[in-house]
Amino acid sequence: MSKNFAKRQVLPGFGITMGYTVTYLSLIVLVPLAALFLKSAGLGWADFWKAVSGPRVVASYKLTFGASLVAAAVNAVFGFVVAWTLVRYQFPGKRIIDAMIDLPFALPTAVSGIALTAVYSSHGWFGQYLEPLGIKVAYTPLGITLALVFIGLPFVVRTLQPALADLERESEEAAASLGANRFQTFTRVIIPTILPALLTGFALSLARAIGEYGSVVFISGNMPMRTEITSLLIISKLEQYDTAGAAAISVVMLTVSFGLLLAINLLQHFAGRRFQGAL
Amino acid sequence: MASLQTQHAVLASKAPQSGSFFDEPGSNVRNSNIPSQKSERQQEQDSTTMSIDVQHISKTFGTFRALDDVSLKINDGELVALLGPSGSGKTTLLRIIAGLEAPDPNPGTSIRFYDEDVSRRAVGERQVGFVFQHYALFRHMTVFENVAFGLRVRHKSTRPSKEEIRDRVERLLSLVQLAQFSKRYPSQLSGGQRQRVALARALAVEPKVLLLDEPFGALDAQVRKGLRAWLRRLHEEIHITSVLVTHDQEEALEVADRVVVMNNSKIEQEGSPDEVFHSAKTQFVMEFLGQVNVFHGRVQRGKATLGDLTVDYPHYSGEHEQPATVYMRPHEFEIRRASNGKPSFPARITRTHSAGAVARVFLETEDAASVLVELPLDEFAQLALQEGETVHLYPKNARVFVPSESQ
């Protein structure tokens, strides 16, 4: 895109909107984040390394990023199914289901965490049947993943819906008339077309999961080395007045998250570039 | 329409040039300049194989009847145009032939390709090439990948080798004159180029029949004309049985071997472009193909009258006077300043317009009916017609349609 910055447009205002964007981003995002870096820099290199590489911290990274990736992947698959159902079919109650998708957005996360714990604990509605099968949900990484799936689902559904609605029915018919079976039509025509939207949904869901706190703390049980997520670790550092340590861990989280999101964005750029007409 | 008795009628006046567009009074044989193609064609149909044969097709969408007991046979190697206004059922018929839509399950319904019943086969098994109005190209694939798609999705046992696929795709791309664009994405092509890619993609699977659904509908007029002529040439080259859906009568008459005019979920008339244009069987076909001047006259005792004009109409001999609609094409008039004694009607020129291949003269009759006359430019220049003057119009040909007689 080598367009002029501020081409003549019907609606003027590039200057004011750009200025607002920069100021706003600075005040709300950049300044607090810079403060975070500054705070952790006060530690000195050796202490910083010690703070962010302790076994308990490393275990929490693994759990947080692992569970978040799994949850985002699960959401990508099942969010696709939900979005597909909502876009492609007409059925009674469709509006209600469509509205329900947004509930994880609206609900205080602690409420959803408590609800999930109640249902999946060993005496809960589902938990009591799963437990004899050897499946423990509450107070295990599985439970954490479940909570992350719950809060991430709307991101995938909401980003996929417009993409699926935009799909030309004719290109599916074209594929069928050329002899492609349903599976081939799905994997070679539909999926590649919606891939950029799917990646966006995945990235949003992942980002949300990495930063999640409220819903997880109730279902995880917070056992060090086993079910302790990084956000919780940061909170407990703060409670011990170890602000610099908390900031150091936050910096690591921030850097890794930024790296992941950037990678997904690049991937999406390459997937989408082909049919956006850029040479 | 069953309620219309139609007849290509004859002016009673013995015109001097009774030959070209005039028929012998009382005769039932029409237009001597058009050979009796119909009977020839019918014989041909009986002897050659029918590449597409659909019988008694009906289709309802909810309460809307899109097709009402339609039957159609298409010869091997023929290019047939399904022509009609939107909602006439032409696209539905095409989609049913393709297998993209299923006809209503009626006892007599059948769809056969080359004497093979295909009605139970899915679209992918019918070996049809389908070209969509909005191209329906796979936008994440290059031109090459689009054309190769149909070959690459084949089962291993029937899939050509990589080299064969490449050869075939390259051949097809040069056939549609897009060889140099094989690495482009559809978004980097113009509309006309995209539709040619779609055509190459459809031909890649070596279909038995090619079905085109308003293929030039989304293109601008200039490109349409070019592609139309190109499609005709391509058809001469590869001779694949093709069905083209269009609402553009010019396109249908120019490109097709045979035109099937559809209206109101039924076939109104089918025949060669000449037949449907010059010997319209119904009022609808008359009005849909080309421009017409419409007059309202009456019929009685084998004659239709329109002011001073009398037209033979042997199909109604009743005593009871009936209203009739009389059609005259704009080019089937003669304009004279002075009366020459033959039946004519006076009209006042309201506007003339000569920037075109023919001069168009807009007139108004005494009873305020507007008439359009088309004259060759030299004749128009010779007459030096002025706006506002009153002239005499001599129709050279007229067609009379009467609602079914209820005597």
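Because only heavy atoms are used, hydrogens play no part in the values below, and waters and symmetry mates are left out as well, while side chains stay in. Every chain is numbered from 1 and lettered A, B, ... according to where its sequence line falls, protein lines coming before strand lines. Just so it is clear, the structure is predicted and the values come from calculations on it, not from any experiment.
Taking the side chain as every heavy atom from C-beta outward, A/Val251 and A/Phe37 approach each other to under 4.5 Å.
Contact of A/Arg188 with chain B is made through backbone and side chain together, with heavy-atom distances under 4.5 Å.
Listed in order of number, the residues of residues 202-212 of chain B that approach chain A to under 4.5 Å between heavy atoms are B/Ala202, B/Val205.
Taking the centre of each ring, A/Phe80 and A/Phe186 come in below the 6.0 Å mark.
Of the N and O atoms on the side chains of B/Gln177 and B/Ser174, not one donor lies less than 3.5 Å from an acceptor on the other residue. Between the side chains of B/Asp53 and B/Tyr114, not a single donor N or O lies within less than 3.5 Å of an accepting N or O.
In terms of heavy-atom pairs under 4.5 angstrom with chain A, the leader among B/Ala198, B/Pro186, B/Gly124 is B/Gly124.
Geometrically, B/Arg201 engages B/Phe138 in a cation-pi contact defined by less than 6.0 Å to the ring centre and at most 45° from the axis.
None of B/Gln133, B/His247, B/His134 except one satisfies the side chain to side chain donor-acceptor pair (under 3.5 Å) rule with B/Glu214; the exception is B/His247.
A salt bridge links A/Glu173 to B/Arg95: at least one charged side-chain nitrogen sits closer than 4.0 Å to a carboxylate oxygen.
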